[in-house]
Amino acid sequence: MKKGIVIFMILIMFVMIIPHYGYAKPISEKKVIMVILDDTNYEEMVTYGGKNIEYLLKNGALGLMNVNSASSFTSANSYATIGAGAYATSANYAAYAGGYYDLFHNEPINVVYKRNTGNDMNLENIANVGITELNLQNKKLNRIAKPALLGTLLHENGYKTAIIGNEDTDFDDIKINASLITTDENGITDFGVVNQTLLAHDPMSPYGIRSDYDKLYTAFCDIKDKADFIVIQPGDMSRLNKYMDIAEDRYNEIKSEIFSQTDKLIGKLFSQIDDNTLFLLVVPFPSTEDSSAGKRLTPIIALNKNIPCGTLTSATTKRDGIVTNTDIAACILDYFGIPKDASMTGHKLTAKNIENPLGYLEELNRIAIFNYKIRSSVVKTYIGFIIGVLILFLISIKYFEKYLTHVKFLLIGVLITPTMLLLLPLASPWSVPKFVLCLIGSVLLVSLLVFYFLKDNLKIFIATCLPPVLIILIDTFLENPLMRVSILGYDPIVGARFYGIGNEYMGFLIGAAIIGIAAIMDRAGGKQKIVKILSMVFYLVILLTLMAPSLGTNVGGSMAAFIGFGVSVILNTRGKLTKKDFLVLICLLVVSILALFIYDGMRPSSNAQSHIGQTTELIKHNSFFALFQIFARKLSMNYKLIRYSSWVWVLFGTVATLCILFARPVGILKEIFRKHVYLYFGFIAGIIATLAALAFNDSGVVAAATMMIPLTIPLIMMCIDEIENNKQMTKNGTEV
């Protein structure tokens with residue numbers, strides 16, 4: 001008997017010391033607490049915030065967050081994107097969640113949830129009743145998006161999630177968009193309180209409802225020891241933003257009270273957390289007023305002992321102070337030591353210690369808003385200028401030949417403008433009058449200098465095409481200080497690209513490089529061999545810049561440049577392009593792009609990978625179907641741009657002008673190309689590169705249009721000189 005007891009005790013001890021695997025909760029004291037403060041900005045935090053929000057602003061790492069999603073610009077889609085860690089979309093009932101006995105349309109949540117999913121929920125769970133529709137809507141996207149992936153990965157690794165709050169505008173149902181952040185793929189958040197017990201009747205508050213902040217804090221205290229990731233969404237700011245019939249003074253008074261209550265809540269939360277807690281204050285979406293004013297980048301603040309006071313950034317943007325809503329999930333997973341899923345496009349947040357981060361962000365936001373609001377007008381004006389000059393040229397050829405020389409001055413202006421727009425940020429023109437004055441003044445001044453001091457067209461082409469190429473390259477090597485704030489650069493609010501060379505300047509870069517080199521070749525005379533070698537080196541530097549992951553790989557631009565530069569080199573060295581040459585060029589392109597994908601995909605740090613490496617990871621985990629989705633998305637974007645982008649008029653206008661010049665005046669282009677063989681080679685290479693950009697780039701219309709500017713304008717200028725020469729020869733012949 002005693003022997004049996006001893007054996008039994010040994011077995012018990014053996015079992016107890018065996019490590020447990022599976023989904024048991026890890027031995028970790030780490031926690032993440034996220035407070036959602038809807039529909040506000042940094043200015044309001046400074047104006048209305050109390051001592052605790054002030055503490056966050058002074059001691060936290062601050063950022064401006066791009067809140068785009070996979071579909072329309074709405075708060076629900078931004079919440080869904082945060083939960084997915086990639087651009088996602090919400091669904092009609094995805095914001096509705098509740099506890100076991102809470103009601104949805106007068107039915108218990110547990111009943112509705114089981115009817116919709118076939119699954120049971122536990123008594124402590126918060127269930128999202130729209131999870132099935134949420135999953136279906138995201139499967140329809142032309143991208144891989146896994147809704148509720150953050151909650152799913154946390155659950156798979158043994159961590160518990162919780163949601164507290166209610167943003168609904170009545171007492172009948174429960175609306176809590178923040179549940180899209182904590183729920184998993186089955187629609188389950190482990191713990192939470194989201195029902196009407198958190199609300200209080202208040203006839204002086206929007207909709208007669210306000211949050212009971214004491215009960216929010218009590219709910220947190222009840223849950224804090226059970227959950228690892230806790231999201232609190234009081235909801236009052238959301239209700240205020242939706243409530244329209246209110247006087248401005250009353251609106252500001254209510255907002256001040258909401259901030260006061262939120263500040264006190266944050267102070268109480270601070271008293272319950274330690275150094276192992278990552279505290280996040282997140283504004284998932286701007287207010288209606290801010291959105292209308294272009295203030296679409298929202299605040300995000302991170303506070304932890306290991307995060308220095310300063311500005312936030314991530315590998316998604318590679319820009320101090322700018323992050324995206326896709327980065328939040330990656331940040332939380334990294335904090336818990338969980339690898340992110342391949343479908344997650346966001347990256348972990350990092351902080352840079354700088355002085356006066358709030359002032360830095362205010363200036364950054366001011367410039368972003370200015371560019372966002374004025375960009376469309378400036379681009380459309382420039383496009384109108386191009387079309388106007390082309391029409392004026394065609395009319396002058398037919399009816400006013402004696403004025404053609406004056407048109408040449410305007411053509412130089414068209415060619416100079418992209419360069420001036422890139423250099424304009426050096427003058428800090430962040431007001432409309434100053435911007436207009438600086439742009440027009442600089443374009444007029446440089447155009448006049450070129451027009452009066454450079455009479456030879458080839459010199460004009462060299463002076464107007466090669467300097468911008470060098471400026472773009474230097475700017476890229478310096479991490480794009482000019483392009484990131486240029487009107488023709490990229491916009492952090494739109495968020496199509498955050499670093500590298502944007503499509504507008506990519507097209508102009510390739511076209512200008514080809515024509516600039518062609519002009520040098522035509523002027524080289526007996527030094528053509530040296531120029532040919534230097535041109536190859538020049539092309540190689542541009543190509544590597546476009547391809548380099550560390551500089552923001554532009555895949556479509558790399559492919560267009562590879563083909564355009566390759567054709568230019570072949571024609572410059574051999575004088576002709578055969579089918580075999582072109583086939584070899586295509587094969588080399590495929591090998592180079594594959595090598596680029598493999599190289600970036602094998603880089604050890606996913607945080608350093610460009611979108612090329614992320615695409616490689618997607619293909620590894622989701623087969624080539626992910627690649628087909630990317631192609632479909634690019635085709636869809638090009639179709640959209642063809643229908644709605646103003647740049648399509650530049651593409652059509654330049655192509656139409658060239659077609660007319662091939663017919664009228666008769667033989668003029670043929671004569672120009674006979675005299676300038678390398679310019680002819682450059683024109684052929686540029687047209688092929690334009691077709692490649694149109695085919696391979698997701699904004700192919702934009703890239704093709706800007707590429708046609710340095711291809712078409714020089715030919716028109718050559719035509720003007722040829723017409724003038726013919727007139728002079730005719731006049732001299734008549735006099736004889």
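Atom set for the values below is all heavy atoms of this structure, side chains included, hydrogens, waters and symmetry mates excluded. Just so you know, these numbers come straight off a predicted model, no measurement behind them.
- The cationic group of Arg296 does not satisfy the cation-pi geometry with Tyr372, failing either the under 6.0 Å distance to the six-membered ring centre or the 45° limit from the ring axis.
- Between the Asn77 side chain and the Ser72 main chain, a donor and an acceptor come within less than 3.5 Å of each other.
- Here the CG atom belonging to Leu297 is positioned 7.5 Å from the CG atom belonging to Leu364, to the nearest 0.5 angstrom.
- Between the OG1 atom in Thr545 and the CE atom in Met506 there is a gap of 14.0 Å [rounded to 0.5 Å].
- Looking at residues two or more places apart in sequence or on another chain, you find a side chain to side chain contact (heavy atoms under 4.5 Å, CB included) between Asn304 and Leu278, Asn306, Ile307, Tyr335.
- Screening residues 406-429 for side chain to side chain donor-acceptor pair (under 3.5 Å) gives Lys408-Asn457, Lys408-Asp721 as the qualifying pairs, with residues at least two apart or on separate chains.
- Side chains of Thr81 and Asn325: a donor-acceptor N/O pair is absent below 3.5 angstrom, by distance only.
- With respect to Glu363 and Arg366, a salt bridge is recorded, a charged nitrogen being found less than 4.0 Å from a carboxylate O.
- Evaluated for a side-chain hydrogen bond (donor to acceptor under 3.5 Å, both in side chains) with Lys352, the options Asp320, Thr313, Thr311 yield exactly one hit, Asp320.
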- Message: Under the criterion ring-ring contact (aromatic ring centres under 6.0 Å, His included), I'd like the reasoning laid out for Phe285 against Phe73: C-alpha separation, chi angles, the key distance, then a yes or no.
- Response: CA-CA 9 Å; Phe285 203 73; Phe73 192 72; 4.6 Å; yes
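- When only modelled atom types and interatomic distance are considered, Lys255 and Tyr251 share a side-chain donor-acceptor pair under 3.5 Å.
- Ion pair Glu44/Lys295 not flagged as a salt bridge, since none of the NZ, NE, NH1 or NH2 atoms sits closer than 4.0 Å to an Asp/Glu carboxylate oxygen.
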